[in-house]
Amino acid sequence: MDTLSTGRVAETLQRLHDEAARADHALMKSFEGADLHEQMVKLVQREQTEYREMYRTYADNFLSVSPQLGRFLYSCVRACKPTRIVEFGTSMGISAIYMACALRDNGGGVLLGTELEPSKAARARENLSAAGLADFLDLRVGDALETLRDLDAPVDMLLLDGALTLYHPVLKLLEPRLRTGALIIGENAIEGIGPYLEYVRNPGNGYFSQPIPFQDARGNEFTVVTR
């Protein structure tokens, strides 16, 4: 069964990707012609002192995964058959739709999302409902270091797509719950930005990790828990 390619899910995703392109156009244009690594360094420097306030200024921006990465997420979920996925940085819900759709096509499961900005969380719930996938989403609003602290069930897959400086802290917070063989996808995991990549690429920490071989500029990273 594949309900991603037709019907409500496909229609909702097409609409949302179009909306995202319009909403993020000016922001993406501001990055054109600039050194990506330099821009990311500046972004992380801002995050380190004011990530909550900083991301509230992006309340109207989707900052979402591309259709290509979305289909990859769908494929990962179909292949590894998780029963619980955690998403750090749900935004407007585009990536959540890809993963929730795969959960449904696999026969069930829960996507536990966390989103700092309440207005984005509200739109994510609306968009999952429009796609017919609301029953698969458990969305928590607030700082992920707080909303994920009481998680008491095993995690089969983790998507990191929020504040870059929190990738490593969120991973460390969830480590006790990550089962062997769990998948971790880090979007915008840029080389030399914070300790995340160095940590997951060190086999001694219990991970096998490598870049995803598309959209190099986005810094996507694919990691498997080996411990």
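This structure is a prediction, so every number in the text was calculated from the model and none was measured.
The heavy-atom pair separating A20 from S64 by the smallest distance is CB-OG, 3.8 Å. Contact record, D105 with Y74: OD2-OH, 2.6 Å, taken as the closest heavy-atom pair. Shown here for Y98 and P67, the closest heavy-atom pair between the two residues is OH-CA, 3.5 Å. Minimum interatomic distance between A153 and R177 (heavy atoms only, all atoms of both residues): O-CB, 3.6 Å. Closest approach of R78 and A102 over heavy atoms only: CD-O, 3.6 Å.
Going from atom OG1 of T12 over to atom CG of N127 covers 7.5 Å, rounded to the nearest 0.5 Å. Taking CG from L133 and CG from L128, the interatomic distance works out to 6.0 Å, rounded to the nearest 0.5 Å. For the atom pair CG (L148) and CG (D143), the distance works out to 9.0 Å, reported to the nearest 0.5 Å. The distance from atom CD of E187 to atom CG of L73, rounded to the nearest 0.5 Å, is 8.5 Å. Here the CG atom belonging to L183 is positioned 5.5 Å from the SG atom belonging to C76, to the nearest 0.5 angstrom. To the nearest 0.5 Å, the span separating CG on L173 from CD on E146 amounts to 10.5 Å.
Counting heavy atoms from C-beta outward, V225 and R179 have side chains that stay 4.5 Å or more apart. For the pair R84/L111, no side-chain contact is recorded, criterion being any heavy-atom separation below 4.5 Å from C-beta on. Looking only at side-chain heavy atoms (C-beta outward), I85 and L159 stay at 4.5 Å or farther from each other.
Side-chain atoms of K81 do not come within 3.5 Å of backbone N or O of L103 as any donor-acceptor pair. Using a distance-only test at 3.5 Å, with no hydrogens or angles considered, a donor-acceptor pair links the side chain of R104 to the main chain of G132. D156 places no side-chain N or O within 3.5 Å of a backbone atom of A182 that could act as its donor or acceptor partner. A donor-acceptor pair under 3.5 Å is absent between the side-chain atoms of R123 and the main chain of P118, judged by distance alone. Between the side chain of N205 and the backbone N or O of Y207, no donor-acceptor pair lies under 3.5 Å. Formation of a donor-acceptor pair under 3.5 Å by the E115 side chain with backbone atoms of A121 is not found in this model. Checking side-chain atoms of N61 against main-chain N and O of L63 turns up no donor-acceptor pair under 3.5 Å. Judged by distance alone, with hydrogens and angles left aside, the side-chain atoms of D2 form a donor-acceptor pair with the main-chain N or O of L4 at under 3.5 Å.
Under the 4.5 Å side-chain heavy-atom criterion for grouping Ile, Leu, Val, Met, Phe, Trp and Tyr, V110 is not connected to I185 through any hydrophobic cluster. At a threshold of 4.5 Å between side-chain heavy atoms, the hydrophobic network of Ile, Leu, Val, Met, Phe, Trp and Tyr places I184 and L145 in one connected group. Linking ILVMFWY side-chain heavy atoms closer than 4.5 Å, directly or via other members, places V141 and F136 in two distinct hydrophobic clusters.
Using a 4.0 Å cut-off between a side-chain N of Lys or Arg and a carboxylate O of Asp or Glu, E19 and R15 qualify as a salt bridge. The pair D150-R140 meets the salt-bridge criterion, with a side-chain N (NZ, NE, NH1 or NH2) lying under 4.0 Å from an Asp/Glu carboxylate O.
Residues passing the side chain to side chain donor-acceptor pair (under 3.5 Å) test with S209 are E221, T223, sequence neighbours excluded. Partners of T226 by side chain to side chain donor-acceptor pair (under 3.5 Å), not counting sequence neighbours: none found.
Between F88 and Y167, the ring-plane angle classifies as perpendicular under the 30° and 60° cut-offs.
No hydrogens or angles considered: a donor-acceptor pair under 3.5 Å links the side chains of E87 and T90. If you check the side chains of T147 and T114, you find a donor sitting under 3.5 Å from an acceptor. For the 3.5 Å distance criterion, the side chains of E117 and S119 qualify, holding a donor opposite an acceptor. If you check the side chains of R227 and T180, you find no donor sitting under 3.5 Å from an acceptor.
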Would you tabulate the side-chain donor-acceptor contacts of residues 193-200 under 3.5 Å, counting partners in other chains and residues two or more places apart, or write 'none'?
from	atom 1	to	atom 2	distance (Å)
Y199	OH	K172	NZ	3.0
Y199	OH	E175	OE1	3.4
Y199	OH	E175	OE2	2.6

